[in-house]
Amino acid sequence: MTSSISITRTNNYHKQLKGSFIFKALAVGCSFLVIPIMIKYLGNEQYGVWSTLFSIVSWIVLFDIGIGNGLRNKISESLARDDKEEAQNYISTAYVLLGVICMTLLIIFLLASDYVPWQIVFNTLILSNNELKIVVQLTASFLLINFWFSLINQVFNGLQKTSLVVFNQFLSNFFSLISTYILYNFFETSLLKLAIFYGLSLLSASFLLSIWFYNNNKEFIPKLRLFHTKYTQSILSLGFQFFIIQIAVIIIFTTDKILITQLFGPENIASYDVVFKFFSIITIGFSLINTPLWSAYSDAYHRNDFEWMEKTIKKQLKIYLLIIMVTLFFSFFAKKFINLWIGVDLNVDLKLIYAMSGFILISVWNSIFSTFINAIGKLNVQIITSIIAIFINIPLSILLVKYYGMGVYGVTIATTLSLSLFAIFGSYQAIRIIKLR
């Protein structure tokens with residue numbers, strides 16, 4: 001392994017990190033500004049419905065059956081061999097596969113949604129079942145179309161251009177902020193209008209960035225004639241393993257809001273969502289450092305550069321010590337910052353704040369090792385711990401709330417305990433792989 005390749009990889013990582021920091025700061029700023037505007041525009045209960053709705057329809061990402069992450073690794077693998085033609089073939093195949101999936105899902109969802117009792121799902125009577133159905137259909141339609149266009153993010157990741165992924169997030173959040181501000185100031189309260197404006201905001205960012213990138217990088221333009229079953233099998237064989245992990249992540253993280261809605265009512269979502277969003281500053285900040293490493297690890301692994309990987313993980317663990325200190329600081333001053341940010345006292349439970357602190361620390365720890373494991377494709381331990389977490393998360397949440405009298409914070413504690421399995425076994429696996437070379 002030549003040192004020049006390691007140096008080039010490290011320099012690119014630093015370059016992406018700098019670009020990501022600027023765009024992520026802007027993206028976070030927009031996302032934090034939009035929440036109080038949304039709450040004021042919709043009110044607590046409708047905001048709870050909207051937040052829960054977004055959690056439910058985000059299950060859509062399950063149905064890419066791991067194509068995105070499989071593509072990401074295959075692009076990195078192809079470019080490690082300096083084979084751009086193969087990378088283009090993988091990109092073309094992924095777009096065709098995901099396009100067929102999105103079209104099929106859209107038709108099925110629109111037909112099936114007529115038979116769902118949406119008022120029961122959202123535990124609310126503030127909107128009629130028909131109004132809720134239309135909002136859900138619109139939101140799902142926008143997300144599915146955007147889901148196909150956002151495959152550009154995995155292309156960026158595979159090319160180790162993660163700063164462009166963050167730039168896409170910034171554009172999306174910025175458009176959402178502007179559209180929500182316009183709604184709040186010039187239109188009456190309407191969940192339907194929010195669904196339309198928000199959906200167009202998401203779609204615009206991915207569409208514009210795709211046009212710009214492929215116009216300037218014609219060697220990667222997806223073409224229908226380059227679709228091939230050989231590349232399909234290659235993407236899906238790896239992608240299916242990611243698919244199982246995606247199922248676990250979506251179920252664990254989105255069922256929290258559904259559980260809170262059913263156990264406590266949608267009006268309790270606002271305080272939970274605000275606390276979650278406040279602490280997400282930490283995970284977002286760490287993701288700036290961690291996310292660009294996925295493709296870098298993959299490149300290093302296929303070049304057998306274990307020394308670079310070991311040094312990088314050690315640096316990540318040193319940063320984790322700083323994360324612990326920052327999380328403690330956040331937990332002590334959370335209520336003051338949240339009240340200042342939202343502009344009203346949401347009467348946030350201190351126990352929820354402390355529970356969220358533990359959740360953040362486990363999440364960051366897991367991301368250190370899952371990024372490495374995902375990059376090299378050694379997913380068995382992660383799959384097993386994820387499946388176990390699926391089956392214990394919901395029963396544990398209900399147990400802590402119903403039988404131990406815990407409030408909303410009990411749901412967060414259950415999620416943290418479910419994620420602790422990978423925290424133990426995943427970190428052990430990653431360290432063992434590095435040590436054994």
Side-chain angles (χ1 to χ4, degrees), residues 69 241-256 259 275-276 278-294 297 301 309-331 351-397 399-400 406 409-436:
N69 286 325
Q241 297 178 66
F242 282 116
F243 174 56
I244 297 173
I245 296 169
Q246 282 176 283
I247 291 174
V249 171
I250 293 295
I251 290 176
I252 290 171
F253 283 93
T254 60
T255 51
D256 281 2
L259 282 167
V275 173
F276 181 87
F278 175 71
F279 276 94
S280 71
I281 296 174
I282 299 171
T283 52
I284 290 170
F286 184 73
S287 71
L288 286 174
I289 302 168
N290 192 52
T291 301
L293 290 173
W294 181 323
Y297 279 140
Y301 182 72
M309 291 188 285
E310 183 176 8
K311 288 180 180 178
T312 302
I313 287 180
K314 286 180 178 178
K315 290 177 182 177
Q316 294 287 91
L317 292 175
K318 290 178 181 178
I319 293 171
Y320 185 72
L321 297 176
L322 178 62
I323 295 293
I324 294 174
M325 297 172 61
V326 172
T327 304
L328 290 174
F329 174 81
F330 270 48
S331 65
K351 292 177 182 177
L352 175 59
I353 290 172
Y354 298 146
M356 196 65 73
S357 299
F359 166 78
I360 291 298
L361 291 177
I362 285 291
S363 297
V364 172
W365 175 268
N366 284 357
S367 67
I368 292 173
F369 298 101
S370 64
T371 299
F372 170 74
I373 290 169
N374 290 341
I376 66 174
K378 305 292 185 181
L379 303 174
N380 287 343
V381 171
Q382 194 173 357
I383 289 172
I384 293 169
T385 56
S386 297
I387 291 173
I388 296 173
I390 289 174
F391 286 103
I392 67 174
N393 183 49
I394 295 176
L396 188 56
S397 296
L399 178 69
L400 293 179
M406 294 185 181
Y409 67 93
V411 177
T412 303
I413 290 174
T415 301
T416 304
L417 292 174
S418 300
L419 296 176
S420 297
L421 290 170
F422 180 77
I424 298 169
F425 297 105
S427 57
Y428 173 77
Q429 180 199 17
I431 293 170
R432 183 175 173 79
I433 289 171
I434 290 291
K435 293 298 182 183
L436 294 180

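What you find for Ile368 and Asn290 is that their closest heavy atoms are CA-OD1, 4.1 Å. The two residues Gln382 and Asn374 make their nearest non-hydrogen contact at OE1-OD1, 2.9 Å. Taking all atoms of both residues into account, the shortest heavy-atom contact from Leu400 to Gly410 is CD1-O, 3.4 Å. Contact record, Ser370 with Ser367: OG-CA, 3.3 Å, taken as the closest heavy-atom pair. In terms of heavy atoms, Ser331 sits closest to Ile353 at O-CG2, 3.6 Å.
Residues passing the salt bridge (Lys or Arg N to Asp or Glu O under 4.0 Å) test with Lys314, sequence neighbours excluded: Glu310. By the ring-ring contact (aromatic ring centres under 6.0 Å, His included) test, Phe372 pairs with Tyr297, sequence neighbours left out. The ring-ring contact (aromatic ring centres under 6.0 Å, His included) test applied to Tyr428 returns no partner, not counting sequence neighbours. Judged as a ring-ring contact (aromatic ring centres under 6.0 Å, His included), and not counting sequence neighbours, the contacts of Phe330 are Phe278. Here Ile384 pairs with Ile388 under the side chain to side chain contact (heavy atoms under 4.5 Å, CB included) rule; sequence neighbours left out. With sequence neighbours excluded, no residue forms a side-chain hydrogen bond (donor to acceptor under 3.5 Å, both in side chains) with Gln429. Shown here are the side chain to side chain contact (heavy atoms under 4.5 Å, CB included) partners of Ile383, two or more places apart in sequence or in another chain: Gln241, Ile244, Ile245, Leu379, Ile387. Judged as a ring-ring contact (aromatic ring centres under 6.0 Å, His included), and not counting sequence neighbours, Tyr354 has no contacts. Remark: Ser287 pairs with no residue by the side-chain hydrogen bond (donor to acceptor under 3.5 Å, both in side chains) rule, at least two apart or across chains. Judged as a side-chain hydrogen bond (donor to acceptor under 3.5 Å, both in side chains), and not counting sequence neighbours, the contacts of Lys311 are Glu307. By the side chain to side chain contact (heavy atoms under 4.5 Å, CB included) test, Thr385 is found to be paired with Val381, Leu421, Phe422, Phe425, residues two or more places apart in sequence or in another chain being considered. For Ser397, there are no side-chain hydrogen bond (donor to acceptor under 3.5 Å, both in side chains) partners, not counting sequence neighbours.
Here the OG1 atom belonging to Thr327 is positioned 7.5 Å from the OH atom belonging to Tyr320, to the nearest 0.5 angstrom. How far CD1 of Ile360 is from OG1 of Thr283: 4.5 Å, rounded to the nearest 0.5 Å. Atom CE of Met356 and atom OG1 of Thr416 lie 8.0 Å apart (nearest 0.5 Å).
Checking side-chain atoms of Asn366 against main-chain N and O of Ala423 turns up a donor-acceptor pair under 3.5 Å. A donor-acceptor contact shorter than 3.5 Å links the side chain of Ser427 to the backbone of Ile424. Checked by atom type and distance alone, the side chain of Asn393 never pairs as donor or acceptor with a backbone atom of Ala389 at under 3.5 Å.
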For Leu317 and Phe369, what are the C-alpha separation, side-chain angles and deciding distance, and is it a side chain to side chain contact (heavy atoms under 4.5 Å, CB included)?
-> CA-CA 10 Å; Leu317 292 175; Phe369 298 101; 3.8 Å; yes
May I have the step-by-step check of side chain to side chain contact (heavy atoms under 4.5 Å, CB included) for Leu419 and Phe359, ending in yes or no?
-> CA-CA 9 Å; Leu419 296 176; Phe359 166 78; 3.7 Å; yes
